[in-house]
Amino acid sequence: MLKVLFTNQIQLGLAQAAVAATLALLVILLARGRGIHLEVETLVAMVRGLVQIVIVGSVLLLLLRSPRWMGALLLVPMMIAAGGISARRAKDIPGAFKISALAIAAGAGFVIALMTLLGVIDVGITSLVPVGSMLIANAMNTNGLALNRIRADVLAHTGEIETALSLGASANAAVAPYVQASYQASLIPAIDSLRSLGIVWIPGLMAGMLLSGARPVYAAIYQFVVLTMIFAASGLTSLVSTIMVRGNLFSAADQLLMQPGAAGS
């Protein structure tokens, strides 16, 4: 129906975006009836997302004629921005931004560099930037889940942690169960994506490759490759993040810095 009403491609895209955004807001309004208030955050996120992706699309168009190293350079601010967004889910953890940015750079950055060096990711901007951004975005989400889970568990088990410390346990040992649980929980989406590939969903990358003339079997295999890289980047990011965060939860005297009463939610 929208294609009939809007023949211009940009107008059609805006109309489709309006319909999708309206549906998302309706869902949030339904959640509001249950006492869940995410209206402002969701609206801001959608507006930012639309503006940012349009800007990136325009930048990519300009970069098509640029040297290949420009693609790698473009991924650096993406990692920094991802660190900032991810850190917001753990705002009570000291040094959350530094932990997030370094973990994403170590996890997603290492996988991107290694896979590019091995020839799995093409160095061309049209391949490196989209695939690299997928790895960074998923690493960001995984890191946010890990830090948010650690934050929630530490605040919920402050008494147990301080009791363990008073009985002589080291700071790392006192929070080890919560760190391990957060790492496992953060990887559930990535594992489920691999498990459901081809059965529950057919990712857009594979569909795009098919439309561009790639052989179906190769498109399917490369989609698996991308999801496996996403899992590796996410897993490494979460591992680095959960290792780094332990030292930021305690003072030099092994006193727990995060307390339920002082935490801002």
Side-chain angles (χ1 to χ4, degrees), residues 35-38 41 79-114 135-195 228-265:
I36 303 171
H37 298 284
L38 293 171
E41 183 177 358
M79 294 181 192
I80 296 174
I85 295 172
S86 182
R88 292 182 182 180
R89 299 299 175 188
K91 54 187 176 183
D92 298 317
I93 297 178
F97 171 71
K98 181 180 179 180
I99 292 172
S100 299
L102 290 177
I104 292 171
F110 173 77
V111 173
I112 292 171
L114 179 62
L135 269 61
I136 293 170
N138 282 273
M140 174 191 73
N141 292 333
T142 301
N143 179 72
L145 288 173
L147 292 183
N148 187 262
R149 175 67 180 268
I150 289 177
R151 171 184 177 272
D153 281 356
V154 168
L155 292 177
H157 299 88
T158 301
E160 291 90 330
I161 295 172
E162 292 184 334
T163 299
L165 292 172
S166 66
L167 292 175
S170 66
N172 283 342
V175 296
Y178 314 113
V179 172
Q180 293 167 0
S182 68
Y183 180 75
Q184 293 174 349
S186 69
L187 289 181
I188 289 176
I191 293 174
D192 286 348
S193 293
L194 278 170
R195 181 180 291 130
T228 306
M229 289 191 296
I230 286 174
F231 177 81
S234 299
L236 186 55
T237 296
S238 184
L239 183 61
V240 172
S241 180
T242 52
I243 290 174
M244 291 179 63
V245 75
R246 294 188 188 191
N248 286 40
L249 295 175
F250 299 92
S251 67
D254 281 350
Q255 295 175 320
L256 186 62
L257 297 176
M258 293 174 55
Q259 298 294 330
S265 55

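Note that the structure is a prediction, hence the values are computed from the model and not measured. The figures here come from the full heavy-atom set of this structure, side chains too, leaving out hydrogens, waters and symmetry mates.
A donor-acceptor pair shorter than 3.5 Å cannot be found between the side chains of Thr142 and Thr237.
Between the side chain of Ser238 and the backbone N or O of Gly235 there is no donor-acceptor pair closer than 3.5 Å.
The CG atom of Asp153 sits 10.5 Å away from atom OG1 of Thr158, with the distance rounded to the nearest 0.5 Å. To the nearest 0.5 Å, the span separating OG on Ser86 from CD1 on Ile104 amounts to 5.0 Å.
Across every non-hydrogen atom of Asn143 and Ser100, the tightest pair is ND2-OG, 3.0 Å. Heavy atoms only, all atoms of each residue included: Ser241 and Leu147 are closest at OG-CD2, 3.3 Å.
Side-chain contact between Ser182 and Thr242 is present, with at least one heavy-atom pair separated by less than 4.5 Å. By the 4.5 Å heavy-atom criterion applied to side chains, Leu187 and Ser234 are counted as neighbours.
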Query raised in the report: Would Leu249 and Ile150 satisfy side chain to side chain contact (heavy atoms under 4.5 Å, CB included), going step by step from the backbone distance to the final call?
Result: CA-CA 10 Å; Leu249 295 175; Ile150 289 177; 4.2 Å; yes

Report task. For side chain to side chain contact (heavy atoms under 4.5 Å, CB included), just list the numbers for Ile112 and Ile136, CA-CA rounded to whole Å, side-chain angles, deciding distance to a tenth of an Å, and then say yes or no. Result -> CA-CA 9 Å; Ile112 292 171; Ile136 293 170; 4.1 Å; yes

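With sequence neighbours left out, the side chain to side chain donor-acceptor pair (under 3.5 Å) criterion links Arg246 to no other residue. For Tyr178, the ring pair (Phe, Tyr, Trp, His ring centres under 6.0 Å) partners are His157, not counting sequence neighbours.
Within a 6.0 Å radius of CZ in Phe110, other residues, nucleotides and ligands contribute 12 heavy atoms or fewer.
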